[in-house]
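What follows is a set of notes on a single structure, which appears directly below.
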2 protein chains.
Amino acid sequence: MLDVAHQAGVSRGTVSRVLNGGYVSVDARDAIEAAIAEVGYVPNTAARNLVMQQSRAVGFIVHEPHALFLEDPNIGSIMLGANEILSQSDYQLVCLIIDSERDTTRVARYLSGGFMDGAIIVSARAHDPITRVVSQLALPTTFVGHPPDLRRLPFVGIDNISSAKAITERLMATGRRRIAMIAAALDRDSGADRLAGFRAALGEKFDPNLVEEVPLYEYSAGVVGMRALLDRDPGIDGVFAASDAVAAGALEALREAGRVVPTDVGVVGFDDSSWALRCHPPLSTVHQPASGLGERAAELVLSQLQGEKPDLSGILLDTPIVWRESA
Amino acid sequence: MLDVAHQAGVSRGTVSRVLNGGYVSVDARDAIEAAIAEVGYVPNTAARNLVMQQSRAVGFIVHEPHALFLEDPNIGSIMLGANEILSQSDYQLVCLIIDSERDTTRVARYLSGGFMDGAIIVSARAHDPITRVVSQLALPTTFVGHPPDLRRLPFVGIDNISSAKAITERLMATGRRRIAMIAAALDRDSGADRLAGFRAALGEKFDPNLVEEVPLYEYSAGVVGMRALLDRDPGIDGVFAASDAVAAGALEALREAGRVVPTDVGVVGFDDSSWALRCHPPLSTVHQPASGLGERAAELVLSQLQGEKPDLSGILLDTPIVWRESA
DNA sequence: GCTTAGTGTGTGCACGTTCACACATTCTCA
DNA sequence: TGAGAATGTGTGAACGTGCACACACTAAGC
């Protein structure tokens, strides 16, 4: 910056004013801009951050990247939605991956070190150490699909209970008598709530024997889960899978077993991901407003950055049911 | 840091030595560590970066995020592979998304501002402005799947020509007579090379009429492309799709048209993504070593960071053929 | 002619670190 | 006993910015 100032025959202060606004004469501005171009000067972000005490960057923190990036079709949309909003306010979205213990400490350091003005945290669980770090840090944060023990932190999400209840009821309305569920990720709100919604829809007809629990929202879990259900009760004529990927796996297992969908068995999923349209037959499912979640999360972080108190009751987005041929 | 020093009854210098190594007495170390815990001190990353002139962060820059994150099953694996290697050397992977003109300037500023020690750039094309920025910046960089005009920059990739040639020859060896190709993304090296490999395999038998060009590696493009090919020549008995997603679309179009795979038509894809296993029938395809690409790219950046001159001839990874039931 | 407001510019301090250097203490060995 | 090495500690100068302040000049109003 001093080089630019000398080159233009002015002082550092005037160069700074050209860059950040303030009273500058036309002559000085022209000379400085020419000097900047000639010297190839680029302001040093670290120095600027240091003195400004802010970085204009918001972290997007992803846990369990193997499950999410490789299996969850929504993560990309959430990220792009958030980027869209942050970009409009000239904030940089910085995606950080936590894939190991080492990553956790490094990311925590990154967040605590004044490197980030805020954070969006995806798919955190109660026991994830980063949630503790963030809540101690008083960093403007929003959770997407918050973990069970953090009711006091701002979040955006969907109402998994009522969405699951609604699609189960819709499935019941097609005249199915024995409806099973492949429940996944019960250690998360989303997983547990989808099961709760299923249970609520069935009411007295709920039969715990017709619920198969699988660990993750995965295709392979869907295959295994469906096989187990058919073993236990060959008379099943309806299935609610906890996600589209699980439903896709279930369709595969049903095909193996010689069942025709939707004639013999009706199948519904959850997410309305690209899976849903590409299954055979196309899946009836709950539409998850993924990019909307990212946008709202980014907006919540930005509003906190402007000093507003966040709404701790959380924001729930609508989840319309999309009815296709699988049920 | 001064607070910690006072609390522990020492000077800033000793605190710094506790954090960064050097001669420190056991008493001083204990007192300082206790003080750090009590004060809740975290070193300021911006200040450290400023004085160190480095950030221990490597950018992972993604273009066309809509196509990549939503359609390309490899991007996640590449990213996780890179993160794995960088994490081992205590570098932070920072994923930056370029989704607009505004994003481009912001990311360029981010990279130029001393915020990043290096960069991994995915799926860049010749005209992408960020490639110009990076090459002017002399920032340690590696391209994954480099753009056509940047032969002078280090990159990792696969040999699309010989891979495409190999799988086409394998398909020919099953006795198919009329083999078509759904070629995609011809404005990239990868797309153009896969077509070149297909052509090389067929030699004199190559018929330009049996090549359908589609813009992107997408499922829907596969559906459209296959329909067009069947319209033009109903006698087709083999298809090489430029990617697994395209192949999945082709399978759908073949099913529509009442063709049985592999009996009537043999289909092969490219990528060995999760699509490949979940198609019906499972796809024969070229295995793309996605996480390996990320790992090599990260290693190349790290070696440049240690002052080594990068190998400008590029690194090509092996792409074994995975033969399944679709051909 | 004096004050006041508006415009334009230069200077010094602060941000929170690391590192080189100076200095103090203890230990080893001729 | 004294020199020299090994170990431990404090201090000041950077790193590259932004901002408050001081100052200079011009124009307008009384």
Side-chain angles (χ1 to χ4, degrees), chain A residues 1-36 39-57 90 92 106 108-117 137 139, chain B residues 1-36 38-57 90 92 106 109-117 137 139:
Chain A
M1 188 156 146
L2 204 57
D3 290 349
V4 172
H6 285 155
Q7 176 89 16
V10 295
S11 73
R12 287 162 26 237
T14 308
V15 177
S16 174
R17 270 184 290 270
V18 167
L19 296 170
N20 304 305
Y23 295 123
V24 186
S25 68
V26 185
D27 285 358
R29 164 162 277 124
D30 289 349
I32 289 169
E33 278 169 356
I36 286 176
V39 176
Y41 167 76
V42 179
N44 182 298
T45 320
R48 179 175 276 172
N49 289 352
L50 181 61
V51 68
M52 302 286 279
Q53 301 288 70
Q54 56 147 330
S55 62
R56 291 203 85 78
D90 203 34
Q92 177 66 51
R106 198 159 22 70
R109 207 170 59 209
Y110 216 75
L111 290 177
S112 346
F115 228 79
M116 231 86 260
D117 290 345
L137 229 55
L139 192 74
Chain B
M1 187 155 146
L2 205 57
D3 289 349
V4 172
H6 286 154
Q7 177 89 18
V10 296
S11 74
R12 288 161 27 238
T14 309
V15 177
S16 175
R17 272 183 289 269
V18 167
L19 297 170
N20 305 304
Y23 295 124
V24 186
S25 69
V26 184
D27 285 358
R29 163 161 278 125
D30 288 350
I32 289 170
E33 278 169 356
I36 286 176
E38 188 171 345
V39 175
Y41 166 76
V42 179
N44 182 298
T45 321
R48 178 175 279 171
N49 289 351
L50 182 61
V51 67
M52 301 285 278
Q53 301 288 74
Q54 57 149 325
S55 62
R56 292 203 84 80
D90 204 34
Q92 177 66 52
R106 197 159 24 69
R109 206 171 60 209
Y110 215 75
L111 290 178
S112 344
F115 231 91
M116 230 86 261
D117 291 344
L137 229 56
L139 193 73

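In what follows, chains carry the letters A, B, and so on, assigned in the order in which the sequence lines appear, proteins first and then strands, with residues in each chain numbered from 1. Treat the numbers as computed from the prediction; the structure is a model and nothing was measured.
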So, do A:N20 and A:M52 sit near enough that their side-chain heavy atoms are less than 4.5 Å apart?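 With C-beta onward as the side chain, the pair stays apart.
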
Is A:D90 close to B:R106 at the side-chain level, that is, under 4.5 Å between some pair of heavy atoms? yes

Using a cut-off of 4.0 Å on non-hydrogen atoms, how would the nucleic acid contact of B:V42 be classed: base, sugar-phosphate, or nothing?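 If one applies the 4.0 Å heavy-atom cut-off, B:V42 turns out to touch the sugar-phosphate alone, with no base involved.
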
Over all strands shown, is B:A28 touching base, sugar-phosphate only, or nothing at heavy-atom distances under 4.0 angstrom? sugar-phosphate

Look at the side chain of B:R17 against the base of D:dG10 and say whether a donor-acceptor pair falls under 3.5 Å; ignore hydrogens and angles.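 Pair found.
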
Regarding D:dG18, can its base be found pairing with the side chain of A:R12 as donor and acceptor, where the two atoms are less than 3.5 Å apart?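 It does, because a donor-acceptor pair links the side chain of A:R12 to the base of D:dG18 below 3.5 Å.
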
Take the protein atom [atom1] of [X] and the nucleotide atom [atom2] of [N], then report the distance between them rounded to whole Å.
X	N	atom1	atom2	value
B:L19	C:dC19	CG	P	11 Å
B:N49	C:dG16	CG	C1'	11 Å
B:L2	C:dA14	CG	P	13 Å
A:H6	C:dT11	NE2	C1'	13 Å
B:M52	D:dC15	CE	C1'	12 Å
B:N44	D:dC15	CG	C1'	13 Å
B:R48	D:dG16	CZ	P	18 Å
A:L50	C:dC15	CG	C1'	4 Å

With respect to B:V24, which candidate in B:D30, B:L19, B:V15, B:T14 satisfies the side-chain contact (heavy atoms from CB on, under 4.5 Å) definition?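 Exactly one candidate clears the test, B:T14.
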
As a test of reading the structure: which of [options] is closest to the side chain of [X], going by heavy atoms?
X	options	result
A:S11	C:dT17, D:dG10, C:dG10	C:dG10
B:V10	D:dG10, D:dC19, D:dT9	D:dG10
A:Y23	C:dC15, C:dT9, C:dT18	C:dT9
A:T14	C:dG10, D:dC15, C:dC15	C:dG10
B:P43	C:dT17, C:dG10, D:dG10	C:dT17

What heavy-atom pair brings A:A57 and A:M116 nearest, and what distance separates the two atoms?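 Here A:A57 and A:M116 meet closest at CB-CE, 3.3 Å.
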
Are the side chain of A:S16 and the backbone N or O of A:R12 linked by a donor-acceptor pair below 3.5 Å?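 No; judged by distance alone, with no hydrogens or angles, the pair does not exist.
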
With no hydrogens and no angle check, is any side-chain donor or acceptor of A:S55 less than 3.5 Å from a backbone partner on A:N49? no

Quick check on [N]: is either OP1 or OP2 less than 4.0 Å from any side-chain nitrogen or oxygen of [X]?
X	N	answer
A:S25	C:dT9	yes
B:Q53	C:dT18	no
A:S16	D:dG18	yes

Hey, which sits more toward the 5' end of DNA chain D by its nearest nucleotide, A:M1 or B:V26? B:V26

